[in-house]
Amino acid sequence: MEPTMFPISQDKHLIFCILATLLFLLQFVRTKRWYQLVMAIAIPASLLIYVQPENKTIYFGVGILEVVLLLLALILNIVQSAKIAKAEKLAEAEADTASTAADAALPVAETEE
């Protein structure tokens with residue numbers, strides 16, 4: 001592989017992949033956002049280039065795989081963010097409705113003249 005192809009060494013790439021994968025897995029466990037799980041798969045998949053560095057088929061195959069996984073992560077993030085925003089808006093509307101109903105149920109205090 002050409003040394004100018006990757007700006008970091010294989011050792012640094014491996015360390016980066018391990019740390020990034022752990023980060024995305026922990027975030028997935030914490031927030032249950034599906035794009036984070038896809039990213040936890042996509043990042044270490046980039047290491048497949050080192051299996052046979054001289055094989056152009058593997059090189060381009062890994063590149064295509066990475067593009068597909070990144071697009072999938074982007075689409076999942078957009079879809080899940082829209083669902084979460086919709087659920088939050090619905091919960092806020094229900095809270096406003098409940099608040100209005102509770103206010104209407106309170107008796108009106110009469111003032112003395």
Which atom pair, heavy atoms only, marks the closest approach of I58 to Q52?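 Closest heavy-atom pair between I58 and Q52: CD1-OE1, 3.5 Å.
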
Looking only at heavy atoms, which two atoms of S46 and E66 are closest? And how far apart?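 Nearest pair, atom of S46 first, then E66: N-OE2, 3.1 Å.
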
For residues [X] and [Y]: do they belong to one hydrophobic cluster (side chain heavy atoms under 4.5 Å, members Ile, Leu, Val, Met, Phe, Trp, Tyr)?
X: V38; Y: L23; answer: no
X: F60; Y: V51; answer: yes
X: V68; Y: L47; answer: no
X: I15; Y: I43; answer: no

Who else is in the cluster with I84 when I, L, V, M, F, W and Y are joined by side-chain contacts under 4.5 Å?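 Reading the cluster by chain and number, I84 sits alone, since nothing else belongs.
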
With sequence neighbours excluded, residues passing side chain to side chain donor-acceptor pair (under 3.5 Å) with Q10: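 Here no residue qualifies.
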
Which residue pairs satisfy the side-chain hydrogen bond (donor to acceptor under 3.5 Å, both in side chains) criterion with at least one member in residues 36-45, sequence neighbours excluded?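 Checked against side-chain hydrogen bond (donor to acceptor under 3.5 Å, both in side chains) - neighbours excluded - the pairs reaching residues 36-45 are T31-Q36.
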
Can you pull out every side-chain hydrogen bond (donor to acceptor under 3.5 Å, both in side chains) where at least one residue sits in residues 16-27? Sequence neighbours excluded, please.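 Of all non-adjacent pairs touching residues 16-27, those that pass side-chain hydrogen bond (donor to acceptor under 3.5 Å, both in side chains) are Q27-R30.
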
Would you say NZ of K32 has more than 12 non-hydrogen atoms from neighbouring residues, nucleotides or ligands within 6.0 angstrom?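 Counting other residues, nucleotides and ligands, NZ of K32 exceeds 12 neighbours.
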
Report yes if some heavy atom in the side chain of Y35 is under 4.5 Å from a heavy atom in the side chain of F28; otherwise report no.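 Not touching, per the 4.5 Å side-chain cut-off.
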
So, taking the atom named NZ in K83 and the one named CD in Q80, what distance separates them when rounded to the nearest 0.5 Å?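 One finds 7.5 Å between NZ of K83 and CD of Q80.
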
What distance do L69 atom CG and I64 atom CD1 have between them, rounded to the nearest 0.5 Å?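 Reported to 0.5 Å precision, the distance equals 12.0 Å.
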
Quick one: ring pair (Phe, Tyr, Trp, His ring centres under 6.0 Å) partners of F24, sequence neighbours excluded?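 In terms of ring pair (Phe, Tyr, Trp, His ring centres under 6.0 Å), with neighbours along the sequence ignored, F24 is linked to no residue.
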
Please table the atom pairs, donor to acceptor, closer than 3.5 Å between any side-chain atom in residues 71-79 and protein atoms at least two apart or in another chain.
from : atom 1 : to  : atom 2 : distance (Å)
N77  : OD1    : R33 : NH2    : 2.9
N77  : OD1    : S81 : OG     : 3.3

